[in-house]
2 protein chains.
Amino acid sequence: MRQFVVLGHDAPTDADFSLDDLAGGAGRLDLLSRCVTAALLRSHGVREDVRVHLVLDDSVTISFRGEDVRRLNPDERSTAALIRQALQRRRDAVGHQPVETAPGVSLTRLGLEATLGRIADDGGILMLDAEGTPVSSVTPPADPVFVLSDHRDFTNAEDALLSGLVTGRISLGPVAIHADQAITVAHNWVDTDGFSR
Amino acid sequence: MRQFVVLGHDAPTDADFSLDDLAGGAGRLDLLSRCVTAALLRSHGVREDVRVHLVLDDSVTISFRGEDVRRLNPDERSTAALIRQALQRRRDAVGHQPVETAPGVSLTRLGLEATLGRIADDGGILMLDAEGTPVSSVTPPADPVFVLSDHRDFTNAEDALLSGLVTGRISLGPVAIHADQAITVAHNWVDTDGFSR
């Protein structure tokens, strides 16, 4: 399985935002929506063996499971609607238990550390970092967990936390790209491992 | 310079569509909008040395020039608004002359063959094709022109036309991905040529 953990620093943690202003009033929820679709969708289908976790404001995590998700369309607006629907159920998420808000979509009141703790045993954690090792000299692990940030850099606290957990810091290339673009490139890196050689 | 030519088969050629239904009533204009931003935007900036041409219904081409474009945001909705603004000026495009509809955005009443004819001298034309040569065994040309299709396959007529023009058919990997994702991976292919070796 591949997993992506995306840190949303400005994103809303309640459902009080408009689908017409995702890039503005909704704290760059356009970007987080694209991260979800970049992770889960391929042409004419879903990547069933993928999960993506949006960690919002280090307090709420919304997870999408490829094997269970339904009605996930490639446009930003419909994905943002699924996120809003999850946030509408935030009060129903008691303690650290997830609440299922749509098929394959769940919300948990957990921040970054606890979310990583839950999935760390699933595979090696790779941090996307411009200063990391170029992926051309790295072999993808069997079950990678990629951690990346939204349009902001990792905070110092996040960097310190991640330093103790990650198995490696990797760079996808010399040009800084958007988080959703990085997910697409990371997928291609793993997809093409062994391709044509 | 890098250029991307994207064939839109269902997209509107007039401005009579809603920004609230890009994936439905607007003929997958969500996808074409994402192709524009995937081609032109990197993190916190524009790829100035890139142009993208949307060929709609083989009759209208909307071009975005990275060096001149302004107010291009990463969300689908605002890019679709630029496309709609261009289509509103379609009647002003006389003959084969482009009309500038926003800074760095122009509309020309030309289909695929004429559009390729205008830019073919700029560099080698590479067709993205699942059956093509894996890019891992290809060196990117200096000024590549990538041709790709939207959510539909190339038609037989397009394939026949392109066969006479392209310098190569390349495959980005074993998993079929969306057109905008393919643009992101193609950029990374060229970006990383020589990176870390």
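In what follows, chains carry the letters A, B, and so on, assigned in the order in which the sequence lines appear, proteins first and then strands, with residues in each chain numbered from 1.
Contact tally against chain A (heavy-atom pairs below 4.5 Å) for B:Gly45, B:Ser171, B:Ala176: the top residue is B:Ala176. Between chain B and the residues A:Thr37, A:Asp75, A:Leu22, the most heavy-atom pairs under 4.5 angstrom are made by A:Asp75. Comparing A:Ala23, A:Pro74, A:Ala38 by heavy-atom pairs within less than 4.5 Å of chain B, the highest count is held by A:Pro74. Looking only at heavy-atom pairs under 4.5 Å with chain B, the residue among A:Asn73, A:Asp20, A:Val185 that has the most is A:Asp20. Ranked by heavy-atom pairs under 4.5 Å with chain A, the list B:Thr184, B:Leu19, B:Ile183, B:Leu172 is led by B:Thr184.
The six-membered or imidazole ring of B:His187 lies away from that of B:Phe146, with a centre-to-centre distance of 6.0 Å or more.
Within the 4.5 angstrom heavy-atom criterion, no atom of B:Ser33 approaches chain A. The contact between A:Ile177 and chain B is made by backbone and side chain atoms together, counting heavy-atom distances below 4.5 Å. For a residue to count as touching a neighbouring chain, one of its non-hydrogen atoms must lie under 4.5 Å from one of that chain's; by this rule A:Leu41 touches chain B with backbone and side chain alike.
Between A:Asp180 and B:Arg34 no salt bridge is recorded (no basic side-chain N to carboxylate O distance below 4.0 Å). For B:Arg47 and B:Asp191, the salt-bridge test passes: some basic side-chain N is under 4.0 Å from an acidic carboxylate O. Using a 4.0 Å cut-off between a side-chain N of Lys or Arg and a carboxylate O of Asp or Glu, A:Asp14 and A:Arg90 do not qualify as a salt bridge.
Remark: the backbone N or O of B:Asp49 is not paired with any side-chain donor or acceptor of B:Arg51 at under 3.5 angstrom.
Screening B:Glu100, B:Gln3, B:Glu48 against B:Arg65 for a side chain to side chain donor-acceptor pair (under 3.5 Å) leaves a single residue, B:Glu100.
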